[in-house]
Amino acid sequence: MAPDGPRVHVIGAGLAGLACAVALARKGRPVSVYEAAGHAGGRARSFRDARLERVIDNGSHLLLAGNRSVFRFLDHIGARDQLVGPRETRFPFLDLSDGRRWMVRAGHGLWPSWVFDPARRVPDTRARDYLSGLRLARARPDATVAEVLGDTGPLYDRFWRPLAVSALNTEAELGQARLLWPVLRETFGRGGWAARPLWAREGLSEAFVRPALKRLAHWNAEVRFGRRLKDLEVTDGRVSRLIFQDDAEQVAAEEAVVLAVPPWTASLLLPGLKAPNEFRSIINVHFRLPSAPRRIAQPLGLLGGTGEWLFVRGDVASVTISAADSLLDLPPDSMAAPVWPEVRRALGLPADTPVPPVRVIKEKRATFAQTPDQVGRRPGPRGPLRNLFLAGDWTDTGLPATIEGAVRSGHTAAKSVVALQRGS
Ligand SMILES: Cc1cc2nc3c(=O)[nH]c(=O)nc-3n(C[C@H](O)[C@H](O)[C@H](O)COP(=O)(O)OP(=O)(O)OC[C@H]3O[C@@H](n4cnc5c(N)ncnc54)[C@H](O)[C@@H]3O)c2cc1C
């Protein structure tokens, strides 16, 4: 089917831009995607690392089976089989401060039988402690996770706090409590199956980027790399021209523009836009192990150490350190030094195993800081110009800044474009 109708110009080929472009192109809309970098994927991408001689992700990404927008996107691009995880919903943990290990095993159904079973829930907690999660639904917009849940003892230390840091990439003392509620509602609220952890089998690019680009080519959508948008020309309250570094693109009367760039770029292009302007980093430390561990229950939650999650793909072990701003200035070797003994313990490797080749990746602005104040700065999908729409994990999706949020924002923008062009 040849594309038909007014063209949609999508700026940015991160997952929000790709999801938006795919949703439109598969319906036969002409789509052009412009990406500043030489590759797609934005903050979720893979590359071959010369030191490790392996393909690694810029950061390990944890997804959940209840991420419905992610699965819709994967179905659109024919890549559902790229996500893998355990058959049951289970999260193994290791407390590095005392060596204690446990496994939260949530089962499949809606009835949370696991909270009544001491062997399946967080150690030293009681079934009634878990009711505290309901407080998130009623939390005031200005309340932090620590203010709402900080009195829940071991459940806070071993569940709520790590969940907050992972899901919000913000310290529990500062992160907005209310933003955690949709995470619970869309996972445990739909049944234990929806909280099942998943990750990309061969890497983020194989799961999301390569199949999306392939489908876009199949639907005759254009994807142009190395095209950095510098300015928007405005005529009669609508975008009429896209000004790139080296050239420009006309935007005809019925055409629409979706800005799927990070908030700092959107704010430069649209002076006066209220958008998040504080950020948190994520550091990933990737080790190439002497050999691939035979069996590891993962992702392994780490408490009392430097990072929060350990993922293993083949012979590469990767530790994620969220809200890592205090570590950003450390040289890579000083950062890897305390992490290696933690990985060694987690994997049960002999104490004299030398530090293997390591790659440290610092993503300085991994997400916006999900504090009450910053959450209040998220704009909706309608831009300040008639034919302009916004997408990205930082827009007001109602979800934390995650792949699920980015993809959902892309789908929402696509829907809004179609509604505008239909005249509704
Ligand atoms: C290390 C790390 C770990 C993470 N872990 C998780 C996790 O475990 N689970 C999870 O769900 N999420 C995780 N996230 C968050 C997730 O990666 C993001 O929410 C998601 O990738 C954001 O996608 P996006 O499309 O909104 O933005 P981006 O990926 O930032 O895409 C924006 C795109 O716009 C392009 N661009 C910028 N300026 C211009 C311009 N002027 N002209 C043209 N193009 C431009 C950029 O190059 C980029 O490709 C993590 C993020 C990081 C960095």
Side-chain angles (χ1 to χ4, degrees), residues 9-21 32-46 56-64 66-67 69-70 73 83 165-169 183 197-200 204-205 207-209 212 223-232 242-245 249 257-270 276 279-286 299 307-309 311 318-324 360-368 370 378 390-395 397 399-410 413:
H9 304 265
V10 178
I11 319 295
L15 297 187
L18 288 176
C20 176
S32 297
V33 181
Y34 311 90
E35 165 59 48
H39 53 81
R43 281 173 279 151
R45 65 188 187 283
S46 321
I56 56 173
D57 291 338
N58 64 317
S60 307
H61 279 58
L62 175 62
L63 295 121
L64 299 169
N67 288 162
S69 303
V70 166
F73 178 46
L83 292 190
V165 177
S166 304
L168 305 181
N169 189 28
V183 179
L198 298 168
W199 56 90
L204 293 164
S205 293
F208 295 107
V209 181
V223 182
R224 303 207 211 151
F225 294 105
R227 303 289 299 275
R228 180 177 297 280
L229 185 69
K230 300 295 270 186
D231 207 356
L232 298 164
L242 303 170
I243 317 288
F244 294 97
Q245 204 149 348
E249 203 73 45
V257 176
V258 176
L259 212 50
V261 297
W264 54 90
T265 311
S267 302
L268 287 176
L269 292 165
L270 297 167
F279 304 93
R280 288 290 186 276
S281 62
I282 299 180
I283 295 172
N284 267 255
V285 187
H286 303 272
E308 296 91 37
W309 294 105
F311 284 84
S318 307
V319 173
T320 304
I321 312 170
S322 301
V360 175
I361 300 178
K362 303 176 184 180
E363 289 277 6
K364 199 168 170 197
R365 293 187 283 195
T367 67
F368 76 97
Q370 294 165 72
R378 297 174 103 181
L390 301 174
D393 63 352
W394 55 279
T395 58
T397 59
L399 299 173
T402 52
I403 290 186
E404 175 69 5
V407 169
R408 197 169 298 178
S409 78

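In this text, all values refer to a predicted model and were calculated from it rather than measured experimentally. Just follow the structure's listing: the first ligand is 1, and inside any ligand the first atom is 1.
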Practice item. May I ask you to check if ligand 1 and Arg43 share an N or O to N or O distance below 3.5 Å? Key: yes
Review point. Tell me: protein heavy atom nearest atom 36 (N) of ligand 1, and distance?
Key: Val261 CG1, 3.9 Å
Exercise for review: Tell me, please, whether Phe244 has Arg227 positioned over its six-membered ring: NZ or CZ under 6.0 Å from the ring centre and within 45 degrees of its axis?
Suggested key: yes
Exercise for review: Answer yes or no for Lys230: is there a heavy-atom contact with ligand 1 below 4.0 Å?
Suggested key: no
Review point. Backbone, side chain, both or neither: what part of Tyr34 comes under 4.0 angstrom of ligand 1, heavy atoms only?
Key: backbone
Check your understanding: Which bit of Ser166 is near ligand 1, meaning a heavy atom under 4.0 Å away: side chain, backbone, both or neither?
Key -> neither
Point to revise | Check: Ile11 N/O within less than 3.5 Å of ligand 1 N/O | key: no
Review point. Among protein heavy atoms, which sits nearest to atom 44 (N) of ligand 1, and what does the distance come to when rounded to 0.1 Å?
Key: Ala36 N, 3.2 Å
Exercise for review: Pick one of side chain, backbone, both or neither for how Leu229 approaches ligand 1, counting any non-hydrogen atom pair under 4.0 Å.
Suggested key: both
Review point. Judging by distance only, is a nitrogen or oxygen of Pro262 under 3.5 angstrom from one on ligand 1?
Key: no
Practice item. Starting from atom 23 (O) of ligand 1, locate the nearest protein heavy atom and write down its residue, its atom name and how far away it is, to 0.1 Å. Key: Ala406 CB, 3.5 Å
Exercise for review: Please state which part of Ser60 comes within less than 4.0 Å of ligand 1, counting heavy atoms only: side chain, backbone, both or neither.
Suggested key: backbone
Exercise for review: Specify side chain, backbone, both or neither for Glu363, according to which of its non-hydrogen atoms lie closer than 4.0 Å to ligand 1.
Suggested key: side chain
Check your understanding: What do you reckon, does Leu63 put a non-hydrogen atom under 4.0 Å from ligand 1?
Key -> no
**Study point:** Polar atom proximity, Glu35 to ligand 1 (N or O, under 3.5 Å)
**Key:** yes
